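Keep in mind that what you see is a predicted model, and the values were worked out from it rather than measured. In what follows, chains are A, B, ... by sequence order, proteins preceding strands, each numbered from 1.
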Protein chains: 2
Amino acid sequence: MTGAGSSEGRLSHAAGRPRDPAVDRAILSATLELLGEHGYERMTIEAVARRAGVGKPTVYRRWSSKRDLVIDVLNHISDLPEMPAEGTARERLTDFMEEWWRLIVKAGHPSYRLQSLIGEMGRNPELGKSFRKALVDNRRKKIMTVLREGMESGELRPDLDIILATDMIFGTVIAQRLVSEARAGTDGWRRIVEYLFDGWT
Amino acid sequence: MTGAGSSEGRLSHAAGRPRDPAVDRAILSATLELLGEHGYERMTIEAVARRAGVGKPTVYRRWSSKRDLVIDVLNHISDLPEMPAEGTARERLTDFMEEWWRLIVKAGHPSYRLQSLIGEMGRNPELGKSFRKALVDNRRKKIMTVLREGMESGELRPDLDIILATDMIFGTVIAQRLVSEARAGTDGWRRIVEYLFDGWT
DNA sequence: TATTTACGTTACGACATCGTAACATATTCT
DNA sequence: AGAATATGTTACGATGTCGTAACGTAAATA
């Protein structure tokens, strides 16, 4: 199936009206927003076209199906923030969480409304893997890596259950977003790391 | 709108075939299972009827719409586990988490597959409140209460951000279920409390 | 200017689901 | 036995969405 940019194979610019890349971007952007707002089932191609300011055939000219369009969108999703390379595990995680908060809560980027699709991973046979890749895998891997390095450096207890510890960070973000609706304090999720490293007592 | 049991208003048993309460239960049970498996949109009344072993008109005889049926199901959902009344905050939370784990992971009760619907709360205008009530409110309130009591008793730091702390517990459970698919260790989520009270260092 | 391709509008076929009608049968009470 | 209600089967109308066809217009190149 072809996606956006399928004209790249032409060696020279043949006659005919060239596709407008801005249209591609508008469609992808509209899809991202509506996916977050409605979820996969409720989102319609008609709504995507309207939001993008194009006609439905224009969408189907680029993507052969609704499913392909959503897969393409999920594949474009940013895996920011990056994990800082320098500093202690605590410092790196603190900076990471603050930057993550900045992206999600402060900037309100549409891709970050996708946390609400977290349940689709295990329930949507068509797109489960794409959802997981877009929403979970990359950031979770970064967190696990820094925790492992913290254990190796003696900064964290050597018997830390890494899977559970990673879920504690990741899950807190999900709960803040979906349950408390990210009316998080102004500390940019730094306190998550503080509570986890120092404990509540 | 009438739900199951609407015949209760009859003072005496008039002529006619009485409704079978087992049919009510079969429908509610089938709805719970399919809701967890597929989510609200993909779940169909036809599939519910088939799973319950009844005809579609039998479902619509009791609930006037798909939405009413799902609301009824969500209202029936158990808010177990109970929070133990005795002991320190740590002991009570530890027992609570272990019992929660027992219900969700060990017993595999269908209602506990509903965590995957956590995203519906903010996205589904018809049922958002019902989802929130069924999936979040009661247990979250129990956790917040015991944390507050721990602060008052001096067991927890007096400046603990209760909302965030509650989300740390609640979110970890969500992540364990949806991300790590509850291949939690055999310690029944006791370690969550240990990590949160003692910290990772 | 002619040709080629993109585009939006409109309409449509195919399909799925919601919810209900019609009806024969089953189950209860009077 | 008759009346009343529940039930399942079958079919259906209404509606919505997916995806596409037809067509006139726009935008590019030859």
Interatomic distance where [atom1] belongs to [X] and [atom2] belongs to [N] [whole Å]:
X	N	atom1	atom2	result
B:W63	C:dT20	CH2	C1'	17 Å
A:I27	C:dA6	CD1	C1'	12 Å
B:R17	D:dG8	CZ	P	8 Å
B:R19	D:dA4	CZ	P	17 Å
B:K66	D:dT15	NZ	C1'	14 Å
A:D68	D:dT20	CG	P	11 Å
B:H38	C:dT17	NE2	P	11 Å

Would you say [N] has OP1 or OP2 under 4.0 Å from some side-chain N or O of [X]?
X	N	result
A:R61	C:dA6	no
B:R67	C:dG19	no
A:Y60	D:dT20	no

Original post:
What's the verdict on side chain to side chain contact (heavy atoms under 4.5 Å, CB included) for A:R139 and A:V173, showing C-alpha distance, side-chain angles and the deciding distance?
Top reply: CA-CA 12 Å; A:R139 291 185 192 89; A:V173 168; over 6 Å; no

Original post:
Which residue, B:Q176, B:E98, B:E194, forms the side-chain hydrogen bond (donor to acceptor under 3.5 Å, both in side chains) with B:W189?
Top reply: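 The single option meeting the side-chain hydrogen bond (donor to acceptor under 3.5 Å, both in side chains) with B:W189 is B:Q176.
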
**OP:** Using the six-membered ring wherever Trp is involved, compare the ring planes of B:Y195 and B:W200 and label them parallel, tilted or perpendicular (cut-offs 30° and 60°).
**Re:** perpendicular

**OP:** Give a yes or no on whether a salt bridge exists between B:R177 and A:D167, defined as a side-chain N under 4.0 angstrom from a carboxylate O.
**Re:** no

**OP:** Would you mind telling me which of C:dT3, D:dA4, D:dT7 lies closest to the side-chain atoms of B:A15?
**Re:**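 Comparing C:dT3, D:dA4, D:dT7 against the side chain of B:A15, the answer is D:dA4.
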
**OP:** Mind running a 4.0 Å heavy-atom check of residues 40-56 of chain A against DNA chain D and sending the residues that fall below it, in number order?
**Re:**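 Of all residues in residues 40-56 of chain A, the ones placing a heavy atom under 4.0 Å from DNA chain D are A:M43, A:T44, A:I45, A:K56.
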
**OP:** Would you please name every residue forming a ring pair (Phe, Tyr, Trp, His ring centres under 6.0 Å) with A:F170, sequence neighbours left out?
**Re:**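 Partners of A:F170 under the ring pair (Phe, Tyr, Trp, His ring centres under 6.0 Å) test: A:W100.
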
**OP:** Would you kindly check if the NZ (Lys) or CZ (Arg) of A:K66 is within the cone defined by 45 degrees around the ring axis of A:Y60 and under 6.0 Å from the six-membered ring centre?
**Re:** no

Original post:
salt bridge (charged side-chain N to carboxylate O under 4.0 Å, His left out) with A:R25: which residues, sequence neighbours excluded?
Top reply: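 Salt bridge (charged side-chain N to carboxylate O under 4.0 Å, His left out) check on A:R25 returns nothing, list empty.
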
